[in-house]
Amino acid sequence: MLRSIAAKIINNGIEDAQRSGSIPPDARLNFIIETPREEGFGDYSTNVAFILAPQLKKKPLDIANMLVERMQGSDLCQSVAVAGAGFINFSLRGALWQQLLKDTASKGIESLYPNVGGGRKVLIEFVSANPTGPLHIGHGRGAAVGDVLANLLRKTGHTVGREYYINDAGRQIRTLGRSTFLRLKELKGETVEYPQDLYQGDYVRELARKVMDEGIAVPAGEEEAIDLLSVYASSHIMEGIKNDLREFGVAFDNYFLESSLYASGVVDETLAILRERGIAFERDGALWFKTDLFEKDEDRVLVKSDGENTYFTSDIAYHLDKFKRSYEVLVDIWGSDHHGYIPRLRASVQALGRNKEDLRFLLIQFVTLIKDGKPVGMSTRSGEFTTLREVLDEVGRDACRYFFLMRKSDAHLEFDLDLAKKTSNENPVYYVQYAHARIESIFRNAREAGINTDDLAGADCGLLTLKEELDLIRWITRYHSVLEGAARSLEPHRVTFYLMELVGRFHSYYNKTRVLGNDAALTRARLLLMSTLQGVIRDGLGLVGVSAPEKM
RNA sequence: GCGCCUGUAGCUCAGUUGGAUAGAGCAACGGACUUCUAAUCCGUAGGUCGCACGUUCGAGUCGUGCCAGGCGCGCCA
């Protein structure tokens, strides 16, 4: 972007000062250039005077004044000034911004995508709910965050895989089978004791009903019956999960089965590696992982004294498998209640010979649903949770996804169902979508007035001289650094915040300035601005997975 | 007891990785539709950034210690 020009202006000033001896040639110059949050401060701001002050043993203010004098000569610069205790604020010539708009319009929105990843392969694992019950609202949040993060990383130069991991080798699915088995007996009129540690939700009754209605032949022996029902019930629930995800707009490249780790021998390979490196050791008849070689955490069991592997072992193997599939960076998105598990997994990655930075975590905090101003209780055990589907049916996909992306993922989220349902100004989703529709409406009117809106390439952007117009251009190009920051920090929520700010400036402009006017050249220039702006809004909404309506 | 997360306007939350006079939405109050969509805009009001020290030119941001809330600490899955 234009940041490199900004850097050039400063560096020219510094070099000039160095030639005259005001700054020694060996001065350290690790200054930063930032865009001040206060608009009146100009396009860019630098702290270079503060960095030089201790080296030159001079006041920052004096250094700033000296540099400003030298920067004023630059023909790239519109204005330069010293502010505060020694900040240097400066703005670029409007023509530079106008040219940037023109470039963006002709090269497309993709030209604003930063290349953060350099083609690196990233695997994002998310949702990964076991098929023992429908997805609840918390899974939905994880799904939205993971999906948008995947979109974001792909746009910023990463090769992205999306994966859903299923613990099918453990006991949970068998517990589901047993639950279904007992509900089935109930349906047949038998009185049964239904233990607390089985799945309590009504969906188990529905599954049992389905088994009966479909006339499925259940073996007479209890264990055989449970075998069959485990498979039946879990695959049925998995279908439901995939269906919900599809409706939510989330697609996975791969559903990875825990059992496949055993079939392919990766588990054995993992244990062999850990043994060989002296990271696994025997104690009390069990095999342990020596965690504290890498992280501050307790040692953990890999193989129990009864010979069974723990989940930890499959998880290490799973991550080894991810690396073996040539993924360089792994992102695991977990419910925040699993955070205690992070140190050991981080340790295991290092045990496999990788850097701890190669595995990154995103924790998803709980969602509290608010209805009629009061929290809706939810507890998996009692079966009274709100499913993703219920929320989806109630508020729709756009509002649902947008709301999930309005918070940092590791912060609690209060999801106000009534607000999300409202088609009014209180609902932030519409604020952004409305801007898109409004611009579309301008174009409809333009075409009706006989303006050729397909051919705006020749428009004279030099006519866009209003403060608001230059400001809009700056905000459009800022998409670049927003994507960059969001991708680096794995914070997809930044995109929704940016969209709100961008669109706010549009609405304000729209109310103040007419795009379609008597001056044909000016109208064309403004249409080009609107078209580019609309492109960014559409692109941003697409990233979040929310529709960009042409009419509202 | 130990560890992680959170604490910012009445409410819900941002805060550009240490920058300037801490921001937005909602709620409240007052204005703007004969002109491209009023699902919008303009204005007013609202603060001990949980508390206290420390690090430095500079702290909502980093460190230490408290306070409050949430979560986690098994040869469970």
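Below, chain A is the first sequence line, B the second, and so on; all start at residue 1.
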Q: Specify the separation, in whole Å, of atom NE2 of A:H480 and atom P of B:rU16.
A: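 My rounded result for the distance is 18 Å.
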Q: Nearest to the side chain of A:Q365, which nucleotide is it out of B:rG74, B:rC36, B:rC5?
A: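 Closest nucleotide to the A:Q365 side chain: B:rC5.
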Q: Hydrogens and angles aside, do A:D398 and A:Q433 bring a side-chain donor and acceptor to less than 3.5 Å of each other?
A: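 There is such a pair between these side chains.
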Q: Just to be sure I understand the rule, does A:T310 reach a base, reach only the sugar-phosphate, or reach nothing, if contact means heavy atoms closer than 4.0 Å?
A: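 It contacts nothing in the nucleic acid.
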Q: Do A:H319 side-chain atoms and A:D315 backbone N/O form a donor-acceptor pair below 3.5 Å?
A: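 Answer holds: yes.
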Q: Taking only the P atom of each, what is the distance from B:rG10 to B:rG50 in whole angstrom?
A: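 Comparing P positions in B:rG10 and B:rG50 gives a spacing of 13 Å.
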Q: Once you apply a heavy-atom cut-off of 4.0 Å, does A:S45 come out as touching a base, just sugar-phosphate, or nothing?
A: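 Since a base atom lies under 4.0 Å of A:S45, the category is base.
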Q: What is the distance, rounded to the nearest whole Å, between atom CE of A:M406 and atom C1' of B:rA24?
A: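 It is 12 Å, rounded to the nearest whole Å.
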Q: Between B:rU21 and B:rG60, how many Å separate the two C1' atoms, rounded to a whole number?
A: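 Each nucleotide's C1' atom is 15 Å from the other's.
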Q: Under 3.5 Å, is there a donor-acceptor pair between the A:E258 and A:Y318 side chains?
A: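 No, A:Y318 and A:E258 have no side-chain donor paired with an acceptor closer than 3.5 Å.
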Q: I'd like to know if A:H339 reaches the base of B:rG3 with its side chain, counting only an N/O donor and acceptor under 3.5 Å.
A: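 Pair found.
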Q: Looking for any heavy atom pair under 4.0 Å, which part of the strands does A:A437 touch: base, sugar-phosphate only, or nothing?
A: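 Base: the residue A:A437, judged by heavy atoms under 4.0 Å, touches a nucleobase.
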Q: Base, sugar-phosphate, or nothing: which does A:F497 touch, judged by heavy atoms less than 4.0 Å apart?
A: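 Sugar-phosphate contact only.
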Q: Can you tell me how far P in B:rG19 sits from the matching atom in B:rG58, rounded to whole Å?
A: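 To the nearest whole Å, 15 Å.
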Q: Starting at the 5' end of RNA chain B and moving along, which residue's nearest nucleotide shows up first, A:L413 or A:D337?
A: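 Upstream on the strand: A:L413.
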Q: Look through every strand shown and name the nucleotide pairing with B:rG1 as Watson-Crick or G-U wobble, where both distances are under 3.5 Å.
A: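 Per the H-bond distance test, B:rC73.
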Q: Give A:A286 one of three labels, base, sugar-phosphate or nothing, depending on what nucleic acid heavy atoms sit under 4.0 Å from its own.
A: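 Answer is base: heavy atoms of A:A286 come under 4.0 Å of a base.
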Q: Using OP1 and OP2 only, check whether a side-chain N or O of A:S508 sits under 4.0 Å from B:rC42.
A: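 Yes, within the criterion.
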Q: Checking all strands, does A:K296 fall into the base, sugar-phosphate, or nothing category for heavy-atom contacts under 4.0 angstrom?
A: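 Result for A:K296 = nothing.
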Q: Mind calculating the distance between CD (A:E550) and C1' (B:rC36) to the nearest angstrom?
A: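 Rounded to the whole Å, the gap is 16 Å.
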Q: Rounded to whole angstrom, note down the P distance from B:rG47 over to B:rC66.
A: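 These two P atoms come out 31 Å apart once rounded.
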Q: Would B:rU17 be called syn or anti here, given the cut-off of 90° from 0?
A: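 Base orientation: syn.
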Q: Take the protein atom CZ of A:R178 and the nucleotide atom C1' of B:rA77, then report the distance between them rounded to whole Å.
A: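 So the two atoms are 15 Å apart, to the nearest Å.
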Q: Rounded to whole angstrom, note down the P distance from B:rG23 over to B:rA28.
A: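 After rounding to an integer number of Å, I get 24 Å for this pair.
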Q: Quick check on B:rA77: is either OP1 or OP2 less than 4.0 Å from any side-chain nitrogen or oxygen of A:K304?
A: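 Result: yes.
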Q: Over all strands shown, is A:E484 touching base, sugar-phosphate only, or nothing at heavy-atom distances under 4.0 angstrom?
A: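 If one applies the 4.0 Å heavy-atom cut-off, A:E484 turns out to touch nothing in the nucleic acid.
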Q: Under 4.0 Å from OP1 or OP2 of B:rA38: is there any side-chain N or O of A:R438 that close?
A: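 The answer is yes; a side-chain N or O of A:R438 sits under 4.0 Å from OP1 or OP2.
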Q: B:rA28 pairs with which nucleotide, Watson-Crick or G-U wobble, both distances below 3.5 Å?
A: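 Its partner is B:rU44.
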Q: In the structure I gave you, are the side-chain heavy atoms of A:L287 and A:T313 within less than 4.5 Å of one another anywhere?
A: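 In short, these two side chains do not touch, never coming nearer than 4.5 Å.
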Q: Do A:Y44 and A:I10 have side chains that get closer than 4.5 Å, going by heavy atoms?
A: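 No - every pair of side-chain heavy atoms lies 4.5 Å or more apart.
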Q: Tell me the partner of B:rC13, counting only Watson-Crick (N1-N3 plus N6-O4 or O6-N4) or G-U wobble (N1-O2 and O6-N3) with both under 3.5 Å; none if nothing fits.
A: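 Looking at the geometry, B:rC13 pairs with B:rG23.
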Q: Looking at A:Y430, does any N or O in its side chain come under 4.0 Å of the phosphate oxygens OP1/OP2 on B:rA39?
A: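 Checking A:Y430 against B:rA39: no side-chain N or O falls below 4.0 Å of OP1 or OP2.
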Q: Is the distance from OP1 or OP2 of B:rG3 to the nearest side-chain N or O of A:Y341 less than 4.0 Å?
A: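 A:Y341 to B:rG3 OP1/OP2: no side-chain N or O under 4.0 Å.
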Q: Let me spell it out: for each of A:R344 and A:P60, pick the nucleotide of RNA chain B with the closest heavy atom. Which residue's pick is nearer the 5' end?
A: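 This one resolves to A:P60.
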Q: Taking atom C1' of B:rC76 as reference, at what distance in whole Å does atom CG of A:D315 sit?
A: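 Roughly 14 Å, once rounded to whole Å.
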Q: Partner of B:rU56 by Watson-Crick or G-U wobble geometry, both contacts under 3.5 Å, or none?
A: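 WC or wobble partner does not exist here.
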Q: Which nucleotide sits closest to the side chain of A:N47: B:rG19, B:rA39, B:rA14?
A: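 Selected nucleotide (nearest to the side chain): B:rG19.
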Q: With a 3.5 Å cut-off and no angle check, do the side chains of A:S489 and A:R494 form a donor-acceptor pair?
A: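 Yes, A:R494 and A:S489 have a side-chain donor paired with an acceptor closer than 3.5 Å.
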Q: Is atom CZ of A:R28 surrounded by more than 12 heavy atoms (other residues, nucleotides or ligands) closer than 6.0 Å?
A: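 Counting other residues, nucleotides and ligands, CZ of A:R28 stays at 12 neighbours or fewer.
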Q: Please tell me if A:R514 has a side-chain N or O lying less than 4.0 Å from either OP1 or OP2 of B:rU35.
A: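 No.
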Q: Side chain of A:F50: nearest nucleotide among B:rG15, B:rC75, B:rG19?
A: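 Of B:rG15, B:rC75, B:rG19, B:rG19 is nearest to the side chain of A:F50.
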Q: Is it true that A:F31 and A:F50 have ring centroids separated by less than 6.0 Å?
A: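 Not under 6.0 Å, so no.
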Q: Counting only side-chain heavy atoms from C-beta out, which of B:rC36, B:rG19, B:rC13 sits nearest to A:R407?
A: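 Looking only at side-chain atoms, A:R407 lies closest to B:rC13.
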Q: Does the B:rA32 base have a donor-acceptor partner in the side chain of A:N511 within less than 3.5 Å?
A: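 Per atom types, no contact qualifies.
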Q: Using the C1' atom in both, what is the distance from B:rU40 to B:rU8, to the nearest Å?
A: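 Going atom to atom, C1' in each nucleotide, I get 29 Å.
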Q: Just call it for A:N130: base, sugar-phosphate, or nothing, with non-hydrogen atoms closer than 4.0 Å on any strand.
A: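 Answer is nothing: A:N130 stays at 4.0 Å or more from every strand.
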Q: Is the glycosidic angle of B:rC57 within 90° of 0, making it syn, or outside that range, making it anti?
A: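 Anti conformation for B:rC57.
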Q: Could you please name the option among B:rC73, B:rG19, B:rA39 that lies closest to any side-chain atom of A:R300?
A: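 Comparing B:rC73, B:rG19, B:rA39 against the side chain of A:R300, the answer is B:rC73.
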Q: Could you check whether A:F87 and the base of B:rA20 form a stacked pair, meaning centres closer than 5.5 Å and planes differing by less than 30°?
A: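 Yes; centroid distance and tilt both under limits.
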Q: Between B:rA68 and B:rC62, how far is it from one P atom to the other, in whole Å?
A: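 That atom pair is separated by 22 Å.
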Q: Could you check which of B:rA20, B:rC71, B:rC36 has an atom nearest any side-chain atom of A:A83?
A: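 Ranking B:rA20, B:rC71, B:rC36 by closest atom to the A:A83 side chain puts B:rA20 first.
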Q: Counting side-chain heavy atoms from CB outward, which of B:rC36, B:rC75, B:rU17 is closest to A:I442?
A: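 Per side-chain heavy atoms of A:I442, the pick is B:rC36.
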Q: When we call it a touch if two heavy atoms are under 4.0 Å apart, what does A:G485 touch: a base, just sugar-phosphate, or nothing?
A: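 It contacts nothing in the nucleic acid.
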Q: Would you say B:rG15 has OP1 or OP2 under 4.0 Å from some side-chain N or O of A:H493?
A: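 So the side-chain polar atoms of A:H493 do come within 4.0 Å of the phosphate oxygens OP1 or OP2 of B:rG15, strictly under.
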Q: Let me see the working for A:Y431 and A:H507 under ring pair (Phe, Tyr, Trp, His ring centres under 6.0 Å), right down to the final yes or no.
A: CA-CA 9 Å; A:Y431 189 68; A:H507 283 308; 4.8 Å; yes
Q: How many Å lie between OH on A:Y510 and P on B:rU35, as a whole number?
A: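 Taking atom P of B:rU35 as the reference, OH of A:Y510 is at 11 Å.
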Q: Tell me whether A:K356 is salt-bridged to A:E295, with the criterion being a basic N under 4.0 Å from an acidic carboxylate O.
A: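 Salt bridge: yes.
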Q: Could you measure between the two C1' atoms, the one in B:rC29 and the one in B:rA45, and give it in whole Å?
A: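 The answer is 8 Å between these two C1' atoms.
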Q: Can you tell me the Watson-Crick or wobble partner of B:rC51, both distances under 3.5 angstrom?
A: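 For B:rC51, the partner nucleotide comes out as B:rG65, under the 3.5 Å rule.
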Q: Among the candidates B:rC73, B:rC75, B:rU12, find the nucleotide nearest to the side-chain atoms of A:S305.
A: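 Per side-chain heavy atoms of A:S305, the pick is B:rC75.
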Q: Could you tell me the Watson-Crick or G-U partner of B:rU34, where both distances fall under 3.5 Å? Say none if there is no partner.
A: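 Partner of B:rU34: none found under 3.5 Å.
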Q: Counting any heavy atom closer than 4.0 Å, what does A:N167 reach on the DNA or RNA strands: base, sugar-phosphate only, or nothing?
A: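 A:N167: no heavy atom of the nucleic acid under 4.0 Å.
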Q: Counting the atoms with a prime plus P, OP1 and OP2 as sugar-phosphate, which does A:T496 contact under 4.0 Å by heavy atoms, base, sugar-phosphate, or nothing?
A: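 No contact at all - A:T496 keeps every heavy atom at 4.0 Å or more from the nucleic acid.
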